[in-house]
Protein chains: 2
Amino acid sequence: MWSRPAKAPRQTLTLDRIVAEAVALLDEEGVGRLTMRRLAERLDTGSTTLYWHVKTKDDVLDLALDAVFHEVPLPGREAGWRAAARDLMSGWRAALLRHPWSATMLDRPLMGPNALERTEFLYETLAGAGFPAPKTAAYSLANYVMGSVIMQVTWQQRDPGGTGAFLRERADLYPSLAEHGLDFPGGRTGWDTTFTEGLAFLLDGMEQAEQAHRTGPG
Amino acid sequence: MWSRPAKAPRQTLTLDRIVAEAVALLDEEGVGRLTMRRLAERLDTGSTTLYWHVKTKDDVLDLALDAVFHEVPLPGREAGWRAAARDLMSGWRAALLRHPWSATMLDRPLMGPNALERTEFLYETLAGAGFPAPKTAAYSLANYVMGSVIMQVTWQQRDPGGTGAFLRERADLYPSLAEHGLDFPGGRTGWDTTFTEGLAFLLDGMEQAEQAHRTGPG
DNA sequence: ACCTCCACTCGATCGTCGTTCTACAACTAG
DNA sequence: CTAGTTGTAGAACGACGATCGAGTGGAGGT
């Protein structure tokens, strides 16, 4: 009819749009509020429509998580394996922290193309450096990063801030904690330097083992 | 009346019974199937009754998680800080692996009495060993353990076993992964030794720093 | 110009969940 | 025996993930 409401020009929904909007929604409201209905609403469609592009909600989460890994830059290898590993892990951490919800989702297989590409890079780097067991080295580094991010996100956003007081009240039970511990944000860069120092421990140990392996059986 | 149906002797529901049953349910069916209704059913009561003893479902999960930490033995300190830290971390890991659902729940503040007691022990041990920043050392160790458990549980139970084949099919994209990697279970003790070796990296680095600090500024 | 087909959309609906409200039963103290 | 406290439970609410079947638009063939 003459005054037909110009029916929206049917810009077909794509998987990319769904994933991008899911990431945005997660960034803004957190993992607890990601709902198929809410996600659909933001995309101006019905919730059931999403199921044409995606099998389950878990698919959306898997895709969103892998999208985060896409933000992790692959460092150069000129500066040696240690610098490459350090930079990759720092970038990995930074990307996860930029999307705190992702920390909660690290308990699923990281099998997306972006995650695999980064893991492959890490293995290549370590194997190329002559590590006898790149598996162990990569495993240690990845574990450390995952644990760090989870811990930081946990304390930063799930802690009502009362932890310090909570522990100080119980200083008789937990003297060491009350003295040295758990007031993490502390300095502005507290988290970052603590992460870097811990990573240095790990890299030092790895370097030591690598040198021993190079000079030992040679 | 003589033949009164012996109306169940009203053994009042206690918080301990709830937590114990929650742990059992989680062990048997996993975190996805823990429901207030199912939990209540196992306790022969109504779901709403649980809310008398507990404020939300999250409380149940927090309590169940802390119950896991109760299984972590506190090692002796005679053998030095390194042995104590190693043993505490191994016990920590073992307890979490015994209840794989707990790995998924490490993204919440570990503020239960059992968790705090273990953390306090770790801080005490490291501070007593003269570490300049026990916070960094404890943080590194805890992060490593958390990451390790999460990764192992993820691959062991959420992976349909097709990962090896999946990666081998894509050996052109991920050559290093296909060669050295990700076929973790490998030997029977693959996970354990990989964990121990990685932990040794970390402890080596820490030991090195501790010695440098002792001889350096002295 | 017509028809067909298929990628795509959506309203209604199912079963389940966490949680609240309110009424009720059992035990305890006086 | 009664009053109050402690504990229990049914019904119900709103929201969720997911399925089903009926629809809609546009591209391609004829």
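Naming convention: chains lettered A, B, ... in sequence-line order (proteins, then strands); numbering from 1 in each chain. The figures here come from the full heavy-atom set of this structure, side chains too, leaving out hydrogens, waters and symmetry mates.
For B/Glu124, the salt bridge (Lys or Arg N to Asp or Glu O under 4.0 Å) test picks out B/Arg77, with sequence neighbours left out. Residues passing the salt bridge (Lys or Arg N to Asp or Glu O under 4.0 Å) test with B/Arg37: none are found, sequence neighbours excluded.
With hydrogens and angles ignored, the 3.5 Å screen pairs a side-chain donor or acceptor of A/Asn114 with a backbone N or O of A/Asp66. With hydrogens and angles disregarded, no donor-acceptor distance shorter than 3.5 Å links the side chain of A/Thr35 to the backbone of A/Arg38. The main-chain N or O of A/Phe69 is found under 3.5 Å from a side-chain atom of A/Arg118 such that the two form a donor-acceptor pair.
Between B/Arg170 and A/Glu120 no salt bridge is recorded (no basic side-chain N to carboxylate O distance below 4.0 Å).
Annotation: A/Tyr144 is in aromatic contact with A/Phe195 [ring centroid separation under 6.0 Å].
Contact check for B/Leu65 versus B/Leu110: side-chain heavy atoms found under the 4.5 Å cut-off.
Rounded to whole angstrom, the span from the CD atom of A/Glu41 across to the P atom of C/dT9 amounts to 17 Å. Rounded to a whole Å, the CG atom of A/Leu39 is 18 Å from the P atom of D/dA15. In this structure, A/Leu50 atom CG and D/dG17 atom P are separated by 10 Å, rounded to whole Å. If you take CG of A/Asp59 and C1' of D/dA18, they are 13 Å apart, rounded to a whole angstrom.
For residues 88-110 of chain B, the side chain to side chain donor-acceptor pair (under 3.5 Å) pairs, not counting sequence neighbours, are B/Asp27-B/His99, B/Asp27-B/Trp101, B/Asp62-B/Arg108, B/Glu71-B/Arg98, B/Glu71-B/His99, B/Arg93-B/Gln152, B/Arg93-B/Asp192.
Put simply, CG on B/Leu122 and CG on A/Leu177 are 9.0 Å apart, with the number rounded to the nearest 0.5 Å. Atom-to-atom distance recorded for B/Glu117:CD and B/Leu74:CG is 5.5 Å, nearest 0.5 angstrom.
The stretch residues 21-28 of chain B does not touch DNA chain D, since none of its heavy atoms comes less than 4.0 Å from the strand.
Taking 4.0 angstrom as the limit, A/His53 places none of its side-chain polar atoms (N or O) nearer than this to OP1 or OP2 of C/dA7. Within the structure, a side-chain polar atom (N or O) of B/Trp52 is placed less than 4.0 Å from OP1 or OP2 of D/dG7.
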Using the 3.5 Å cut-off, write out each protein N or O paired with an N or O of nucleotides 3-5 of chain D and the distance between them.
none

- Item | Per-nucleotide protein contact string for nucleotides 10-19 of chain C, where B marks a base within reach and S marks sugar-phosphate only (heavy atoms under 4.0 Å, - for neither) | BBB----BBB

